[in-house]
Number of protein chains: 2
Amino acid sequence: MNEAQPLTRIQARNRAAILSGGLDAFSSAGFRGATLDQIAEAAGLSKPNLLYYFPSKDAIYTALLEGLLETWLDPLHALDADGDPVAEILAYAHRKLAMSRDFPRESRLFANEILAGAPQIGAVLSGPLRSLVDEKATVLRGWMEAGQIRASDPHHLIFSIWALTQHYADFDVQVRAVLGETDPFAGADRFIDQLFRSVLEPVQDRPL
Amino acid sequence: MNEAQPLTRIQARNRAAILSGGLDAFSSAGFRGATLDQIAEAAGLSKPNLLYYFPSKDAIYTALLEGLLETWLDPLHALDADGDPVAEILAYAHRKLAMSRDFPRESRLFANEILAGAPQIGAVLSGPLRSLVDEKATVLRGWMEAGQIRASDPHHLIFSIWALTQHYADFDVQVRAVLGETDPFAGADRFIDQLFRSVLEPVQDRPL
DNA sequence: TCTCGATTTGACCGTTCGGTAAAACAAACG
DNA sequence: CGTTTGTTTTACCGAACGGTCAAATCGAGA
C-alpha cells in the first residue's frame, strides 16, 4: 500500500488490466461468484501470471473496494454548507447520477458488496460513512430550520438520492428493458431535478 | 409444474425448507456464489437428499424466481385507473415499501438477478413487465393531462418508486449502519409519503 | 406383520476452484 | 557479451463444486 517502488510500465498496464477485469467479474457475479480464470481471461493474462501481480482473489477485491470508496463519497463531501441549499442538494443528486452513468460497474460492485452483507466494508459503513452522513444531515437540518428548504427527514432525504441515482446503474438492465431504445439518463436527470425541487422548495404561501 | 400429485406432508415441508434455504443463499451470494451444501445445511438436509426434491441448483433458483415474479408485480397491477390518482400512487408506494420490509430476501434475490444481467428473467423484463409498465404509464399520463397530478415522466415516476422502496431492502445493511438503532421503515414511510405528495399534488396557483 | 413405495444416506465421480513451484523466457544494464 | 532482475508459462496440488448411484432406511396401508 505504501511501497515506494517506481512501478514499471508493464506493471502499471497489467495491474490496471487485472483491476478492470476484476471489476467486470465482481460487479456482475459478486465476490463468491467471480472466478480468477474469468478475471485472468478478461485481463489477457494466465492465472499464475495474474497471481504474480496480486497475491490472491481477496487482494484484487480489496484493492477495488479501497480505490472505490475514496471517490464514492466525494460528491457528498462536496456538499457545501455555505452554498445555496437547493442548488447544493440538486448538484449532489446530479453528480451522483453522473457517476451512475459514467461508472456503472463501480456502482454494481458496491451494490453486490452490500447485498452480500458488507463483509469487507461493514466497518466503513458504521464508521466514516455514518459520520459523514450525520454531519451532512446536520447541515440539511440547519437549512430546514432556517426555512431555506422544506422540513423533512435529512437522513432519508440522503437515502432517497442514493436510491434514485444508483438505481439507474444497478438496475440498468431492467430500466433499459422497460424503456426500450430510449436513453434512460436524459429522462432520469430531468425527473430527479423535478422531484427534488418539489420536496425542497419551501412553501411560500401555504395553500389549503 | 402441473403434476397433479397430492404432495405428502414430508414433501411439502422439505420443499419449503429447501426454497427457504435457497432464498437465504441466493439472495446474499447470488446464483453463482451460493452452493448446494450451503442450501442443504440451511434446509437441514443432506445434499443428495436435497437433490431428491429438486433435480439441480438451477431448478431451485428457477422455482424461487417464478414464485417471486407472480407476487412481485401484484402491487403495480393493483394500481387502479379509476381510483383517486394521488391516493392510488401513494398506496402503491406504501405497498411496495411494505414488501421491502416483509420480504427483504425476495427483494435481494431479485436485485442479484438483475445485477448479474438478468440471465433468467430477461425475457420477462422486456416482455410482460414492459407491457405492464407501459400500461400503467399510460394511466399516469392520463391523470397528468387531466390535471389531476402534476406532469412528469410516468416511466421515471414508476422507477423512482421502485428505487426508493427497494433500497430499504437491498441496502438494508447500509441503511441500518448509518441510522444506528433507529428502525428505518417508520421514517421511510413518512418520507416517501411526503416526497411523492410533493411531486404529485397539482399546482393550484403557480407561484413565481 | 409384511410389503411396497417414499425417503435418506454414504460413497463416489469428474470438473472447477484458488493457489503454488519451478523452470523458461524477456529485458535492462554493466 | 554475460548477468541479473523482472515476467510468463507449464505442470501441478488439495479442496470444494454440482451431481450420481446403489444401498439402506423409513412409513403407511393391506
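Here the structure is a predicted model, which is why all the values come from computation and not from measurement.
Mapping heavy-atom proximity under 4.0 Å, the span of DNA chain D touched by chain B runs 5' to 3' from D/dC17 to D/dC21.
Side chains of B/H155 and B/D134: a donor on one and an acceptor on the other come within 3.5 Å.
Remark: A/R101 is not positioned above the aromatic ring of A/Y168, lacking an NZ or CZ atom under 6.0 angstrom from the ring centre and at most 45 degrees off the axis.
No option in A/D102, A/D170, A/N112 other than A/D170 meets the side chain to side chain donor-acceptor pair (under 3.5 Å) test with A/S107.
No side-chain heavy atom of A/R108 sits under 4.5 Å from any side-chain heavy atom of A/D24.
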Would you list the atom pairs, donor with acceptor, under 3.5 Å between side chains in residues 36-51 of chain B and any protein atom, with sequence neighbours excluded?
residue	atom	partner	partner atom	Å
B/Q38	OE1	B/T35	N	3.2
B/S46	OG	B/N49	N	3.3

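Nucleic acid contact class of B/A34 (heavy atoms, under 4.0 Å, all strands): sugar-phosphate only. Within 4.0 Å of A/L36, counting heavy atoms only, lie sugar-phosphate atoms of the nucleic acid but no base atom.
Between the B/Q148 side chain and the B/P85 main chain, no donor and acceptor come within less than 3.5 Å of each other.
Atom CZ of A/F185 has more than 12 heavy atoms from other residues, nucleotides or ligands within 6.0 Å. No more than 12 heavy atoms of other residues, nucleotides or ligands shown are found within 6.0 angstrom of CZ on A/R190.
Atom CD in A/Q38 sits about 8 Å away from atom P in C/dC17, given to the nearest Å.
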Enumerate all atom pairs, one protein N or O and one N or O from nucleotides 6-11 of chain C, separated by less than 3.5 Å.
residue	atom	partner	partner atom	Å
C/dT7	OP1	B/T8	OG1	2.9
C/dT7	OP2	B/Q11	NE2	2.8
C/dT7	OP2	B/Y52	OH	3.2
C/dT8	OP2	B/N14	ND2	3.0
C/dT8	OP2	B/N49	OD1	3.3
C/dT8	OP2	B/N49	ND2	3.2
C/dT8	OP2	B/Y53	OH	2.7
C/dT8	O5'	B/N49	ND2	3.1
C/dT9	OP2	B/S46	OG	3.4

